[in-house]
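Note that these values count all heavy atoms, side chains included, but never hydrogens, waters or copies made by symmetry.
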Amino acid sequence: VTVPGSAMVRDVNRELAFDLPEEGDYTTVAGLCMVLTGRIPKKGTTIITQQGYALEVLDASTRRIGKVRVHPPPPHAQKAKHPSPQSTRH
């Protein structure tokens, strides 16, 4: 899913049922990318969150991040994080 860097992380999570981190010194997807890398990442950079999301920077300049493609974690990673009730029964 491609989103503008200016998209609010909270809105992306709500609209796409994602679980991107919302706690931190940022509110936008671009801000999340910058906090995770410590700088403005270059076009082509892929950043992996602790939740397993891959944030691929599609458009960036020395001053801003324009577009980011968000790749959800692989299904097995999501199941490990949120086990289904059947998998936890003995």
What's the separation between atom [atom1] in [X] and atom [atom2] in [Y], rounded to the nearest 0.5 Å?
X	Y	atom1	atom2	result
Thr37	Ile65	OG1	CD1	6.5 Å
Ile47	Leu36	CD1	CG	6.5 Å
Glu22	Thr27	CD	OG1	10.5 Å
Lys67	Thr2	NZ	OG1	7.5 Å
Glu56	Cys33	CD	SG	10.5 Å

- [ ] Treating Ile, Leu, Val, Met, Phe, Trp and Tyr as nodes and any side-chain heavy-atom pair under 4.5 angstrom as an edge, say whether Leu55 and Ile40 lie in one connected cluster.
- [x]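 Hydrophobic grouping puts Leu55 with Ile40.
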Open item on the list: To check you understand the geometry: which heavy-atom pair defines the closest contact between Ala60 and Lys42, and what is its length?
Closed with: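 Answer, listing the atom of Ala60 first, then Lys42: CB-C, 4.4 Å.
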Would you say the side chain of [Y] lies within less than 4.5 Å of the side chain of [X], judging by non-hydrogen atoms?
X	Y	result
Thr28	Leu32	no
Pro21	Gln51	yes
Tyr53	Asp19	yes
Val1	Phe18	yes
Leu58	Val68	no
Val70	Val3	yes

TODO: Sort out for me which residue in Val57, Val12, Asp11 forms a side chain to side chain contact (heavy atoms under 4.5 Å, CB included) with Val29.
DONE: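 Considering Val57, Val12, Asp11, a side chain to side chain contact (heavy atoms under 4.5 Å, CB included) with Val29 is found only for Val12.
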Task: Chi angles and distances behind the side-chain contact (heavy atoms from CB on, under 4.5 Å) call for Asp59, Arg64 - done: CA-CA 9 Å; Asp59 177 39; Arg64 68 176 192 89; 4.1 Å; yes
